[in-house]
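Everything on this sheet refers to the single structure shown next.
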There are 2 protein chains.
Amino acid sequence: MQPNESKSLPASDTDSYSSAAPTFSPLYQQIKGLITQSLQSGEWKPGELIPSEIELAARFKVSQGTVRKAIDELSAENLVVRRQGKGTFVATHHEARSQFRFLRLVPDNGERSYPENKIIEVKRLRAPAEVARLLEMKAGESVVFLKRVQSFSGVPTILEELWLPGSIFKGLTIERLNEYKGPMYALFESEFGTHMIRAQEEIRAICAEEDTADLLQVAIGTPLLSVERISFTYGDKAVELRRGLYLTNAHHYRNELS
Amino acid sequence: MQPNESKSLPASDTDSYSSAAPTFSPLYQQIKGLITQSLQSGEWKPGELIPSEIELAARFKVSQGTVRKAIDELSAENLVVRRQGKGTFVATHHEARSQFRFLRLVPDNGERSYPENKIIEVKRLRAPAEVARLLEMKAGESVVFLKRVQSFSGVPTILEELWLPGSIFKGLTIERLNEYKGPMYALFESEFGTHMIRAQEEIRAICAEEDTADLLQVAIGTPLLSVERISFTYGDKAVELRRGLYLTNAHHYRNELS
DNA sequence: AAGTGGTCTAGACCACTAT
DNA sequence: TAGTGGTCTAGACCACTTT
């Protein structure tokens with residue numbers, strides 16, 4: 001479990017090069033990897049306190065500063081949250097801070113609010129080839145399909161279809177979804193132990209077809225934003241495919257480039 | 001020029017509280033601010049080498065570690081680029097790395113390429129109220145207006161209108177623009193000393209109107225991505241307003257959420 | 001008062017780049 | 001060989017939170 005035996009301390013010996021493994025990586029990166037493993041394995045669950053820097057330093061036999069640098073990066077990547085005086089916690093989708101991290105559609109004028117949610121359909125099916133490919137599964141494996149409409153102040157604005165690996169989201173029922181208030185990612189996290197770390201999106205402009213026009217209560221041909229998202233957990237494992245159609249009459253997709 | 005006189009060293013005195021100014025901020029943040037000022041003022045220009053960590057530590061009378069942490073953050077914000085063995089350089093839009101930082105439209109299949117550029121129009125005019133507001137200028141001040149079409153493999157894909165503060169972009173002519181090959185931001189930087197640090201975008205779906213349909217060679221009513229961008233230099237000063245209309249038949253806008 | 005993360009320092013060695 | 005940034009350590013004090 002120990003990291004490289006290559007401290008730079010009293011410079012005693014000739015730093016045994018382990019022959020054929022030129023795997024160089026800074027100590028703090030190795031520590032970061034070990035901590036990430038513990039996050040993946042569920043040793044520390046979302047919302048929980050992880051051991052203090054001093055404890056981790058003792059466990060891994062490195063200095064506190066090295067652990068600190070590892071945790072600094074994990075914190076920058078939103079995997080953990082540091083709180084002065086309290087400790088370091090595993091990141092959660094339940095906190096107010098991260099409520100809007102993955103919801104980029106904002107009203108043209110005014111404050112963000114959380115949308116009302118109407119489930120249209122939930123069913124299990126065998127993954128179509130395209131879905132399987134994107135979720136890195138085998139075609140034909142079980143997936144949960146979900147279709148819903150989200151409204152802001154009563155105005156239907158987002159029509160979304162989701163595909164989720166059936167193996168992970170076993171007991172996902174329409175009742176469960178309707179009971180739950182708040183972000184879907186928070187539900188996924190607390191009920192299924194799946195924490196979305198990052199996501200990538202492909203955005204296009206399209207025209208509303210008949211079905212979607214009905215559900216969003218707009219005219220056929222209305223221009224919509226098509227947002228295809230793949231979300232990943234620890235270890236870059238794809239665990240969600242979403243296709244959202246956003247009505248951008250009174251909202252826009254906001255993005256910060258930096 | 002010195003930062004706070006509040007070292008934590010031999011703990012000599014009672015840390016004179018300067019009465020009514022409870023301006024707390026970490027030393028390294030103050031150093032970061034001072035370095036940023038030097039970047040703004042043009043003391044070090046894009047592409048240039050800034051003083052070494054040791055020199056800066058001496059100049060500001062702090063330890064190298066403190067300077068390092070300041071520069072670490074500037075590096076994370078893409079204001080400077082560190083190169084081991086060489087030094088730290090002011091960030092540039094000329095480097096390959098940052099060529100596509102602000103160009104998020106990518107082909108559905110295949111590699112990114114830099115588009116061909118066709119200038120439709122360049123003129124100076126008095127800023128309309130809306131433009132002035134977004135660029136934080138007074139209405140009626142001089143702005144440069146620019147309209148262009150960008151094509152990928154001969155297919156017109158982006159129709160863009162730009163508004164730039166006239167005071168900054170004095171000698172911007174259509175010849176200058178046509179001569180220049182490569183990203184427009186690189187031109188802005190080398191010719192006008194304006195480096196874009198960050199930008200924010202508002203994205204909507206719209207239908208092509210007659211003029212734009214002509215220029216993009218598509219049918220009227222074709223759905224397009226409308227991307228409104230405001231770009232900022234040092235000190236969050238707005239220096240560019242852009243409205244792009246993107247054809248997303250063979251391309252998509254790619255975004256990473258993290 | 002004790003424990004946590006946050007800041008700051010000082011000094012060591014390493015890896016890379018230039019001369 | 002000298003200078004740069006990159007890593008690692010050790011120890012100090014601070015600000016915040018809880019007991």
Side-chain angles (χ1 to χ4, degrees), chain A residues 2-17 22-33 35 44 48-58 60-76 80-91, chain B residues 2-17 22-33 35 44 48-58 60-76 80-91:
Chain A
Q2 256 110 300
N4 272 352
E5 281 304 332
S6 67
K7 307 294 174 56
S8 52
L9 259 183
S12 48
D13 56 334
T14 50
D15 238 31
S16 62
Y17 284 51
T23 343
F24 288 142
S25 109
L27 242 193
Y28 77 89
Q29 287 286 3
Q30 300 176 43
I31 302 300
K32 184 181 165 190
I35 296 177
W44 312 311
E48 285 182 9
L49 181 67
I50 76 172
S52 74
E53 294 178 352
I54 292 175
E55 285 179 85
L56 290 172
F60 298 131
K61 305 269 180 51
V62 299
S63 79
Q64 186 186 1
T66 301
V67 171
R68 186 180 296 266
K69 184 145 190 185
I71 296 182
D72 276 348
E73 293 207 347
L74 293 172
S75 173
V80 298
V81 176
R82 292 163 153 315
R83 290 189 219 188
Q84 189 175 93
K86 302 181 79 171
T88 301
F89 298 79
V90 183
Chain B
Q2 257 110 298
N4 271 350
E5 281 304 333
S6 68
K7 307 294 174 54
S8 53
L9 262 184
S12 48
D13 56 333
T14 49
D15 238 32
S16 62
Y17 283 51
T23 343
F24 288 142
S25 111
L27 242 192
Y28 77 89
Q29 287 286 2
Q30 300 175 44
I31 303 300
K32 184 182 165 189
I35 296 177
W44 312 312
E48 286 182 8
L49 182 66
I50 76 172
S52 75
E53 294 178 352
I54 291 175
E55 284 179 84
L56 290 173
F60 298 132
K61 306 266 182 51
V62 299
S63 78
Q64 186 186 0
T66 301
V67 171
R68 186 181 296 266
K69 182 145 188 183
I71 296 182
D72 276 347
E73 293 207 349
L74 293 172
S75 173
V80 299
V81 177
R82 319 184 78 144
R83 289 188 224 199
Q84 187 176 94
K86 302 181 80 171
T88 301
F89 299 79
V90 183

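Computed from a predicted structure; not experimentally measured. Each chain gets a letter, A, B and so on, in the order the sequences are listed, and its residues count up from 1.
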Phosphate OP1/OP2 of D:dA10 contacted by A:Ser63 side-chain N/O (<4.0 Å): no
Side chain B:Glu48, main chain B:Val90, donor-acceptor under 3.5 Å: no
Roughly, in whole Å, what's the span from CD in A:Gln84 to C1' in C:dG6? 5 Å
Where do A:Leu56 and A:Trp44 come nearest, in terms of heavy atoms and distance? CD2-CH2, 4.3 Å
Compare side-chain N and O positions of A:Lys69 against OP1 and OP2 of D:dT7 and report whether any pair is under 4.0 Å apart. yes
Mapping B:Leu49 and A:Gly65 onto DNA chain D by nearest heavy atom, which one lands closer to the 5' end? B:Leu49
B:Phe89 CZ - D:dT4 P separation (whole Å): 12 Å
For B:Lys86 and C:dA18, is the shortest distance between a side-chain N/O and OP1 or OP2 below 4.0 Å? yes
Nearest to the side chain of B:Glu55, heavy atoms from C-beta on, is which of D:dT4, D:dC8, C:dC8? D:dT4
For the pair made of NZ in B:Lys61 and P in C:dC8, what is the distance, rounded to whole Å? 17 Å
Rounded to the nearest Å, what distance is computed from the NZ atom of residue A:Lys32 to the C1' atom of nucleotide D:dT7? 15 Å
Spacing of A:Gln64 atom CD relative to C:dT7 atom C1', expressed in whole Å: 12 Å
Over all strands shown, is B:Glu53 touching base, sugar-phosphate only, or nothing at heavy-atom distances under 4.0 angstrom? sugar-phosphate
Whole-Å distance, A:Ile50 CD1 to C:dG5 P, equals 8 Å
Send over the distance from B:Ile31 CD1 to C:dT9 C1', rounded to a whole Å. 13 Å
Minimal heavy-atom distance between A:Arg68 and A:Arg82, with the atoms involved, is O-NH2, 3.4 Å
Euclidean distance, B:Gln64 CD relative to B:Ile71 CD1, rounded to 0.5 Å: 9.0 Å
Base, sugar-phosphate, or nothing: which does A:Arg68 touch, judged by heavy atoms less than 4.0 Å apart? base
Between CG of A:Leu56 and C1' of D:dT9 the distance, given in whole Å, is 17 Å
Looking only at side-chain N and O atoms, does A:Thr88 come under 4.0 Å of OP1 or OP2 in C:dT4? no
Does C:dG6 have its OP1 or OP2 closer than 4.0 Å to a side-chain nitrogen or oxygen of A:Arg82? yes
State which of C:dT4, D:dC16, C:dC8 makes the closest approach to the side chain of B:Pro26. C:dC8
What one should report as the nearest heavy-atom pair of B:Leu49 and B:Lys86 is CD1-O, 3.9 Å
Taking for B:Ile71 and for A:Gln29 the nucleotide of DNA chain D with the nearest heavy atom, the one nearer the 5' end belongs to B:Ile71
